[in-house]
Structures are given as C-alpha cells and as structure tokens.
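Some notes on the structure that comes next.
The analysis underlying the following values was restricted to heavy atoms, covering all of them including side chains, and did not include hydrogens, waters or symmetry mates.
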Amino acid sequence: MNAHQVVMLVFPEPIRQAVVGDAHFVFTYNKESGQYMGLLQGTEGVDSNLFVITTSGTIYSYTLAYKAQLEQTYYKVLKPEHISKEKQPDVKVQTFEHGLSRSEVKKYDSACERLLQYHGGKVKTRRRKKLRLRLEEWKYVGNQMYLVVSLKNKSDIDFKVGDVRVLVSRGRKGKKSSYQELELPVSYRYLEPEKIVAGGESRWVLVLPKMVVGTHEELKLEVGEVMGNRSLELRL
C-alpha cells in the first residue's frame with residue numbers, strides 16, 4: 001500500500017465490518033449501503049493486518065505492507081480465501097464464553113470496533129522474550145468493562161495464542177491464608193487472534209462484567225502460549 005495509490009478489494013458479499021491493526025493503513029467502505037467494495041490506502045510504517053467480516057459472518061484476514069509503487073490495485077476476493085466463519089444459529093450466536101443474541105453481538109461489535117479505531121493508548125505494558133503485551137484502554141460502558149489488548153511479536157518465532165484470562169487477586173500475597181485469585185468471566189472476545197506471526201502485532205478487545213477494584217485487590221491479564229513457555233502476565 002501507499003499514500004498515492006488506492007487498492008480496491010471486492011468481496012463476494014457485502015462488508016459488515018472491518019478493522020486494521022495500525023493507523024498507518026486505512027480501509028474505507030460504505031457501512032450504510034452494505035457495500036461489496038472496500039478501498040485501502042497506507043503510509044510508510046510497520047507492517048500490519050486487516051480483518052474483514054461480511055454479512056454472512058465469513059472472516060477474511062490479510063497482511064498489510066507499505067510499497068512505494070503498486071503493480072496491481074484491484075483484487076476480486078474469492079470466497080474460498082476466507083479463514084473462518086462466525087457461528088450464526090437461527091436464534092443465538094455462540095461466542096467464546098456465552099450464548100448471546102444477535103442484538104447483543106451487534107452491540108458488542110459496534111463498541112469494540114469504535115475502540116479499535118483509536119491507537120496509542122498505554123495503560124500498562126509488559127515486555128518479555130521479545131514480546132510486548134500492552135493494555136491500550138480500560139473503559140466502562142454501561143455494566144460492561146472493555147479492555148483493548150495488543151500483543152507485538154518481535155521474535156523470529158510465531159506466537160500461538162493459548163488461554164487469555166483476566167483474574168482478580170484479593171488480599172496480600174505475603175499472607176497465604178488471605179490471598180486468593182479468581183478468574184473473571186469474559187462475556188465477549190472481539191478479534192482475539194489464534195496466532196501472531198514473527199514480526200507481527202494483533203489488537204483485540206475483551207468484554208467483561210463491570211467491576212471496581214477495591215483496596216488490596218488487583219486485576220491481572222494473562223496471555224498463554226500453546227505448547228510454549230513465553231506466557232505473559234500484566235498486572236493492572
């Protein structure tokens with residue numbers, strides 16, 4: 001991508017939503033008319049990624065990179081190129097944690113998409129073994145708590161995402177009899193990745209029931225690695 005050429009992507013179904021991983025790239029489409037076509041532009045910077053979800057729930061994923069001159073600026077996307085499909089039964093949509101109605105999913109998707117439009121938040125950061133885990137935003141909306149998470153993989157090895165958990169610890173760790181950790185239920189996971197390629201970065205949103213951290217309480221975000229020992233922990 002570059003700033004002086006526009007790349008057109010035409011999908012087999014209308015676009016329902018799209019999210020880019022970095023502000024260097026912009027993907028635009030007409031949200032009101034259910035447009036099949038999206039326009040992509042970018043400026044020089046780090047490589048990123050693009051997720052596109054069509055109205056049937058089909059998910060497409062692309063890696064984005066800056067290039068000074070483009071040989072091709074039009075792509076017709078074929079349905080076999082998709083990576084996954086959302087489960088959409090007649091009445092309920094099954095999320096990662098709970099069964100939610102279509103209206104609830106739409107509400108969560110809309111709120112999460114808005115949060116991911118903003119970049120640069122740094123509530124807390126942890127670096128370990130060339131990995132950078134960051135909580136970009138911690139926001140309350142109604143009775144829900146939204147956590148915007150990013151994980152950057154600066155290593156030469158892909159990171160396969162395992163369990164992603166949010167826990168609350170109560171008491172003082174030095175006093176074992178009074179210290180305990182409880183895992184909080186995650187209501188919804190938006191664009192949580194399965195893998196972050198070497199040199200790549202992913203951003204996603206966790207939605208949890210609203211809670212206020214009290215005295216001697218602490219929130220903790222854990223991201224595990226499948227069949228690996230590079231798990232990360234972020235105390236909030």
Side-chain angles (χ1 to χ4, degrees), residues 15-27 31 48-54 57 59-62 64 83-88 93-126 131-153 159-168 183-197 200-213 219-224 232-236:
I15 301 168
R16 191 182 85 199
Q17 64 189 88
V19 177
V20 293
D22 192 273
H24 290 296
F25 299 94
V26 178
F27 183 80
K31 298 181 180 180
S48 186
N49 64 329
L50 165 69
F51 282 105
V52 175
I53 305 175
T54 62
I59 303 172
Y60 298 85
S61 175
Y62 301 96
L64 306 179
I83 61 167
S84 183
K85 190 176 176 100
E86 292 180 320
K87 296 180 180 178
Q88 294 186 330
V93 175
Q94 186 67 33
T95 68
F96 286 83
E97 304 296 333
H98 303 287
L100 298 176
S101 68
R102 291 181 184 276
S103 61
E104 289 173 312
V105 170
K106 187 175 181 180
K107 178 189 72 174
Y108 285 141
D109 282 351
S110 177
C112 292
E113 186 174 1
R114 286 197 300 271
L115 286 171
L116 288 178
Q117 296 300 319
Y118 299 96
H119 297 261
K122 297 179 184 179
V123 176
K124 204 71 176 287
T125 301
R126 173 74 192 279
L131 299 169
R132 188 202 69 195
L133 176 63
R134 174 173 290 166
L135 179 66
E136 295 187 3
E137 180 127 16
W138 180 345
K139 188 177 182 66
Y140 293 112
V141 179
N143 294 322
Q144 302 294 329
M145 178 171 68
Y146 288 74
L147 304 180
V148 180
V149 181
S150 70
L151 181 56
K152 189 168 188 175
N153 181 8
F159 183 91
K160 293 184 178 180
V161 179
D163 291 335
V164 178
R165 306 192 303 160
V166 180
L167 304 100
V168 60
E183 183 175 352
L184 299 178
V186 177
S187 305
Y188 196 65
R189 300 169 188 258
Y190 184 76
L191 296 183
E192 183 176 295
E194 293 183 356
K195 180 175 70 173
I196 302 172
V197 299
E201 181 178 7
S202 287
R203 302 170 69 238
W204 69 95
V205 183
L206 301 175
V207 184
L208 301 97
K210 181 178 179 180
M211 72 160 294
V212 178
V213 180
L219 279 186
K220 183 170 67 173
L221 171 66
E222 291 183 352
V223 179
L232 293 113
E233 178 183 296
L234 194 60
R235 294 185 177 274
L236 310 175

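- Two residues are said to be in side-chain contact when any heavy atoms from C-beta on lie closer than 4.5 Å; L219 and L184 meet this criterion.
- Across all non-hydrogen atoms, the minimal contact from Y140 to M211 is OH-O, 2.8 Å.
- No side-chain heavy atom of D22 sits under 4.5 Å from any side-chain heavy atom of N49.
- Across V166 and L147, no two heavy atoms sit closer than the pair CG2-CD1, 4.1 Å.
- Qualifying side-chain contact (heavy atoms from CB on, under 4.5 Å) partners for V141, counting only residues two or more places apart in sequence or in other chains: K139, Y146.
- Separating the NZ atom in K122 from the CG atom in L135 is a distance of 13.5 Å, to the nearest 0.5 Å.
- Dense packing is recorded around NZ of K107, with more than 12 heavy atoms of other residues, nucleotides or ligands lying under 6.0 Å away.
- Counting heavy-atom neighbours within 6.0 Å of E183 CD, excluding the residue itself, gives a total above 12.
- The nearest pair of heavy atoms linking V186 to L206 is CG1-CD2, 4.4 Å.
- Counting all heavy atoms, side chain and backbone alike, V123 lies closest to E136 at CG2-O, 3.6 Å.
- K152 NZ to L131 CG: the interatomic distance, rounded to the nearest 0.5 Å, is 12.0 Å.
- Taking CD1 of I15 as the start and CD1 of I53 as the end, the distance is 11.5 Å to the nearest 0.5 Å.
- F159 places a side-chain heavy atom less than 4.5 Å from the side chain of V223.
- The shortest side-chain heavy-atom distance between Q17 and S110 does not fall under the 4.5 Å cut-off.
- Between the side chain of Y108 and the backbone N or O of R189, no donor-acceptor pair lies under 3.5 Å.
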Please lay out, stage by stage, how F27 and L64 fare under the test side-chain contact (heavy atoms from CB on, under 4.5 Å). CA-CA 11 Å; F27 183 80; L64 306 179; over 6 Å; no

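- At distances below 3.5 Å, at least one donor-acceptor pair connects side-chain atoms of R203 with backbone N or O atoms of L116.
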Show your working on side-chain hydrogen bond (donor to acceptor under 3.5 Å, both in side chains) between T125 and R134 and close with a plain yes or no. CA-CA 4 Å; T125 301; R134 174 173 290 166; 2.9 Å; yes

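- Taking both residues in full, the closest heavy atoms of Q144 and S187 are given as OE1-OG, 3.7 Å, listed atom of the first, atom of the second, then distance.
- The NZ atom of K220 lies 4.5 Å from the CZ atom of R235; values are rounded to the nearest 0.5 Å.
- A 4.5 Å side-chain heavy-atom check between L151 and L232 finds at least one atom pair inside the cut-off.
- R126 pairs by the salt bridge (Lys or Arg N to Asp or Glu O under 4.0 Å) definition with nothing, not counting sequence neighbours.
- In this structure, V205 and Y188 have side chains that are not in contact, with every pair of non-hydrogen atoms separated by 4.5 Å or more.
- For the pair N153 (side chain) and I196 (backbone), a donor-acceptor distance under 3.5 Å is present.
- With contacts defined as side-chain heavy-atom distances shorter than 4.5 Å, the pair F25/L50 does not qualify.
- Contact between D109 and R16 at its shortest, heavy atoms only, is OD2-NH2, 3.1 Å.
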